[in-house]
Amino acid sequence: MLEIQQLRTDLDAVTRQLAKRGYAFPIEAFNALEAERKTIQTQTQELQAQRNAASKKIGNAKSKGEDVSAIMAEVAHLGDALKQAETQLEQIQNSLQKILLEVPNLPHDSVPEGKNEEHNQQIRRWGEPRQFDFAIKDHVSIGEGLGLLDFETAAKLSGTRFSLMKGGLARLHRALAQFMLDTHTQEHGYMEAYVPYLVNRESLRGTGQLPKFEEDLFAVNAGGAENSTSNNSPAFHLIPTAEVPITNMVRDEIVPLQSLPLKYVAHTPCFRSEAGSYGRDTRGLIRQHQFDKVELVHIVHPDQSYEALEQLVGHAEKILQKLALPYRVMALCTGDMGFSAAKTYDIEVWLPAQNTYREISSCSNCEAFQARRMQARFRNENGKPALLHTLNGSGLAVGRTLVAVLENYQNADGSVSIPEVLRPYMNGLDQLGKTGGE
RNA sequence: GGAGGUGUGGCCGAGCGGUUUAAGGCAGCAGUCUUGAAAACUGCCGUAGGGGUGACUCUACCGUGAGUUCGAAUCUCACCGCCUCCGCCA
């Protein structure tokens, strides 16, 4: 959410910034509502002041035992006018709020301008893609060839965009998550968190998924309940990312200055409806309704958020380096960034079967955008509450990392070597072979 | 799920229809005193928003939302959180 004062005083600059990301701010509607708000708010407050003054007089007079019927008559007419003004003001405020909640964040000055992912900017590249001297397979063929990856049964259980892993592959998936958690907690200073996978609407509004992106989420009601709340909305949503529960830990909180920065890591499943992505990435593990992710969140002092962003990306990169998986870091352009982000780096891992780099992590500085929605604050150097900055990034998407390991570590005989750093998590196993590796 | 209790500023805590402008305390900030510190004393000290160039001024906020009233932290109803006990349960 943007600051309404900024829109009042600097609307031109704000709309120009938003246009860079392809967002057309409803200027006329906003200005009309603002003008109305000003009038009605002043009027409402005048009526309230009159009522308060009269009521105080009545109180005074009564305590002295005087007759109050004259003053009572004076305020008799106020009631209806006041109620009407208050209702009208509330409606206007709601309309303004609705507009505000759907406006994306302003891009940082350093973000390259562009329409779509073609205009993203490569920042750096790490590692060299391996040269294969045999015909390579994609991760689906590899996994199915090993008898450890089964989309047919997953479809029977749940439907399309679900997966079933077994044996050594399921264990490798678990090993990846453990390895990521251990690295971030032991080497990068994160506090591990275990969080709810079902969250309420306030949390989703806080991080920006609601109200605008409801169709991307899965909603959940208690068994037998059509709708668990009176206003026809579901009781919970499944988290689309651990960013939601972790970041919302500081919602409505005032964090003491000395406890900053907060750095959390959590491994959770993520659930996305993938509405609007029909036909995209239908094969394999790349785009699933349910996938695991290790998420990194920083809650920081506003002066430190861009420094924190660089660190955050570095922590995610470190995982790929330890796994010896080639990748590149991209600065997303204005048109390709997510709703809440002021600046985003994507990390893309090399997938030999697709002969390209694919997103495996997205690291964003949301500045005060989420903090303002959440009222997440700290007590600053002057003792005054001020908005925090929030950052989040994948460190990494576990399923996609598994894809990258399978494809980059495949052997000519259909087996898959296990990266050195994962072997301690695999009971020393060094490859997933024909036997299924267990 | 059942019964009972409870929700007031950063924290503790009084207030239960009208000088409440939310007492008092703790913590914090500034000052006096002191070689310095502590103690003592004095003053300041919630959040958000509106109007005004400004000194200033007005409004809202006592878990949330409705209601009663000229007037609600205080009364009524609903919901939510927390605590205690019971039931069920991995």
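- Nucleotides G17(B) and G71(B) place their C1' atoms 8 Å apart, quoted to the nearest Å.
- Among the protein residues, K57(A) comes within range of no part of the nucleic acid, since none of its heavy atoms lies under 4.0 Å from any strand.
- Nucleotides U76(B) and C85(B) have their P atoms positioned 28 Å apart, rounded to a whole Å.
- Rounded to whole Å, atom C1' of U20(B) lies 9 Å from atom NZ of K56(A).
- Look at the P atom in both C16(B) and A23(B): the space between them is 15 Å, to the nearest Å.
- Salt bridge E317(A)/K322(A): absent, no basic N to carboxylate O contact under 4.0 Å.
- We find that CG of D252(A) is positioned 20 Å from P of G7(B), with the value rounded to whole Å.
- Among residue pairs with one or both ends in residues 11-20 of chain A, none qualify as salt bridge (charged side-chain N to carboxylate O under 4.0 Å, His left out); sequence neighbours excluded.
- P256(A) comes within 4.0 angstrom of no nucleic acid atom, judged by non-hydrogen atoms across all strands.
- Summarising the geometry, the separation between CZ on F378(A) and P on U47(B) is reported as 14 Å, rounded to the nearest angstrom.
- Remark: C1' of G49(B) and CG of N94(A) are 15 Å apart, rounded to the nearest angstrom.
- Using a cut-off of 4.0 Å between Lys/Arg side-chain N and Asp/Glu carboxylate O, E274(A) and R287(A) are scored as salt-bridged.
- At the phosphate of G49(B), OP1 or OP2 sits under 4.0 Å from a side-chain N or O atom of Q5(A).
- For the P atom pair drawn from G87(B) and A66(B), the interatomic distance equals 40 Å after rounding to whole Å.
- One finds the CG atom of L146(A) at 8.0 Å from the CD1 atom of I142(A) (value rounded to the nearest 0.5 Å).
- Close placement of the H315(A) and Y190(A) rings is indicated, their centers lying within 6.0 Å of each other.
- The pair K293(A)-E295(A) meets the salt-bridge criterion, with a side-chain N (NZ, NE, NH1 or NH2) lying under 4.0 Å from an Asp/Glu carboxylate O.
- One finds a salt bridge joining R358(A) and D281(A) here, because a Lys/Arg side-chain nitrogen approaches an Asp/Glu carboxylate oxygen to under 4.0 Å.
- Look at the P atom in both C26(B) and A39(B): the space between them is 11 Å, to the nearest Å.
- Position along RNA chain B of the nearest nucleotide to R379(A) versus Q41(A) favours R379(A) as the more 5'-ward residue.
- Spacing of C1' atoms, U59(B) relative to G7(B), comes out at 26 Å, to the nearest Å.
- At a threshold of 4.0 Å, the pair R174(A)-D292(A) does not count as salt-bridged, since none of the basic side-chain nitrogens sits closer than that to a carboxylate oxygen.
- The separation between E34(A) atom CD and G51(B) atom C1' is 14 Å, rounded to whole Å.
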Worksheet, complete the sentence: Reading nucleotides 59-75 of chain B from 5' to 3' and marking B where a protein heavy atom lies under 4.0 Å of the base, S where only the sugar-phosphate is that close, and - otherwise, the string is SS---------BS----

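- What separates CD of Q375(A) from P of G49(B) is a distance of 9 Å, to the nearest Å.
- Side-chain atoms of T390(A) and Q370(A) include a donor-acceptor pair closer than 3.5 Å.
- In this structure, N200(A) places its CG atom 10 Å from P of G81(B), rounding to the nearest Å.
- When base pairs are accepted only as Watson-Crick or G-U wobble with both N-N or N-O distances under 3.5 Å, RNA chain B takes part in stems of 3 or more pairs at B:1-7 with B:80-86, B:10-12 with B:24-26, B:28-32 with B:40-44, B:46-51 with B:56-61, B:63-67 with B:75-79.
- Only the C1' atoms considered, C82(B) is 10 Å distant from G63(B), to the nearest whole Å.
- Under the 4.0 Å criterion applied to side-chain N and carboxylate O atoms, E34(A) and R37(A) are assigned as salt-bridge partners.
- Across the C1' atoms, C70(B) and A78(B) are found 26 Å apart, a figure rounded to whole Å.
- Taking atom CZ on F236(A) and atom C1' on C80(B), their separation rounds to 12 Å, with Å as the unit.
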